[in-house]
Amino acid sequence: MKRIGRAGFLALVGTSALAGCASIATNLTENESFHRVLELPERLNLAVLGSGQPLAREYSDSAISPVFRHNGFDPPSTPDYISWSRKAWHGYRLFVTGLVETPKSYDLDTLRRSFPRVAQTTRHDCVEGWSVIGKWTGVVLRDVLADCSPKPQAKYVVFHCMDQDPGGEAYYESLDMHQAAHPQALLAYELNDRPIPIENGAPIRLKVPTQLGYKSAKYVQRIEVVAGLGGMYGNGGYWEDQGYEWFAGI
Ligand SMILES: Nc1nc2c(c(=O)[nH]1)N[C@H]1C(S)=C(S)[C@@H](COP(=O)(O)O)O[C@H]1N2
Ligand SMILES: [Mo]
């Protein structure tokens with residue numbers, strides 16, 4: 001909320017400059033305390049951003065579907081992926097890049113040890129018309145993002161995946177900061193108390209139970225924080241580029 005206020009304020013300063021009030025705008029921006037206001041917040045408070053959002057229903061473990069279906073492209077077939085999968089994911093790293101103060105990468109052990117372990121039993125709804133209930137365990141996405149300190153101009157989070165369609169086009173997805181700060185948006189490493197099977201997106205997948213299945217990117221390799229979509233990010237996702245809605249709330 002604060003950020004919108006600040007952007008609006010900046011827009012206002014810009015408009016008055018255009019309207020011939022350049023000197024007032026200059027005087028304002030030269031004022032030190034005005035600068036301090038402009039620079040607030042230094043970084044996004046993801047906990048505040050994520051609080052108060054509606055939660056997806058969580059189920060008891062007895063509701064877990066006997067089989068969690070899988071769907072989408074074939075698992076990644078790169079030599080790296082195949083070799084990591086045979087070595088309990090030793091060598092794999094999850095990267096966080098883009099508009100963050102401290103870009104980082106994490107191996108699975110570090111992710112498990114450095115962040116609280118969180119589980120959710122939620123329903124996965126695919127646009128094709130099927131649903132399954134599964135228990136996902138992992139780390140809260142916003143905890144990992146906060147660890148890298150998104151810059152104030154950060155607006156979206158893009159998930160780059162390791163799999164591709166038959167034509168070689170990589171799967172990707174995106175959330176805005178608000179969705180990324182949702183307390184149930186997980187970077188999951190377990191499904192139903194076991195490491196995520198390859199078919200379901202090993203070793204790390206996004207699980208966003210408040211949105212349709214295609215938003216929950218599997219095989220995540222890199223999380224990129226950006227100021228806007230469009231351009232090289234198309235409509236913000238592989239399926240969005242084929243005409244699906246970017247906002248897929250349920
Ligand atoms: N990387 C990647 N993520 C993906 C997909 C995919 O093909 N590749 N398919 C999406 C769709 S349409 C659905 S319904 C779910 C399927 O997840 P599941 O295979 O664990 O059931 O993953 C989503 N995330
Ligand atoms: Mo789907």
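When a ligand or atom number is given, it counts from 1 through the structure's own listing order. Residue numbers start at 1 and run along the sequence shown. Computed from heavy atoms alone, side chains included, the values below leave out hydrogens, waters and symmetry copies.
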What atoms in ligand 1 come closer than 4.0 Å to a heavy atom of [X]?
X	answer
R205	15 (C), 17 (O), 18 (P), 20 (O), 22 (O)
C126	14 (S)
Y219	1 (N)

How far is [atom] from the closest protein heavy atom, and which atom is that?
atom	result
atom 24 (N) of ligand 1	S216 O, 2.9 Å
atom 14 (S) of ligand 1	H124 NE2, 3.2 Å
atom 12 (S) of ligand 1	Y214 CB, 3.7 Å
atom 7 (O) of ligand 1	F73 N, 2.9 Å
atom 23 (C) of ligand 1	G213 O, 3.3 Å

Hey, does [X] sit under 4.0 Å from ligand 1 if you only count heavy atoms?
X	answer
G201	no
E128	no
Y238	no
M162	no

request  = Flag the pair W89 / Y81 as yes when their ring centroid distance falls below 6.0 Å, and as no otherwise.
outcome  = yes
message = Counting the benzene-type ring for Trp, do Y238 and F73 have ring centres under 6.0 Å apart?
response = yes
query = Is it true that D193 and K135 make a salt bridge, defined as a side-chain N closer than 4.0 Å to a carboxylate O?
reply = yes
inquiry  = Other residues, nucleotides and ligands only: do more than 12 of their heavy atoms fall within 6.0 Å of CD on E245?
reply    = no
query = Parallel, tilted or perpendicular: which describes the rings of Y106 and F115, with under 30° parallel and over 60° perpendicular?
reply = perpendicular
Give yes if a backbone or side-chain nitrogen or oxygen of [X] is under 3.5 Å from a nitrogen or oxygen of ligand 1, and no if not.
X	answer
C161	no
W130	no
W239	no
R69	yes

remark   = Looking at E173, K218, E199, the heavy atom closest to atom 3 (N) of ligand 1 belongs to K218
request  = Would you check, one step at a time, whether the test side chain to side chain contact (heavy atoms under 4.5 Å, CB included) holds for L141 with F159?
outcome  = CA-CA 11 Å; L141 171 63; F159 300 85; 3.8 Å; yes
Step-by-step side chain to side chain contact (heavy atoms under 4.5 Å, CB included) determination, E173 to E240 = CA-CA 8 Å; E173 255 305 335; E240 287 84 335; 2.7 Å; yes
ask   = Do any N or O atoms from the side chain of E224 and from the backbone of G98 form a donor-acceptor pair under 3.5 angstrom?
value = no
message = Whether the side chain of Y219 engages the backbone of I198 through a donor-acceptor N/O pair (distance < 3.5 Å, no angle test) should be reported.
response = yes
task = Examine the proximity of ligand 1 to D163 and report which part, side chain or backbone, both or neither, has a heavy atom under 4.0 Å away.
result = side chain
ask   = Is ligand 1 under 4.0 Å from a heavy atom in the side chain of Y171, in the backbone, in both, or in neither?
value = side chain
remark   = Value for SG (C148) from CG (D143), rounded to nearest 0.5 Å, stands at 11.0 Å
Short side-chain donor-acceptor distance under 3.5 Å, S174 and W246 = yes
task = Kindly indicate whether the side chain of K218, heavy atoms from C-beta on, has any atom under 4.5 Å from the side chain of D163.
result = no
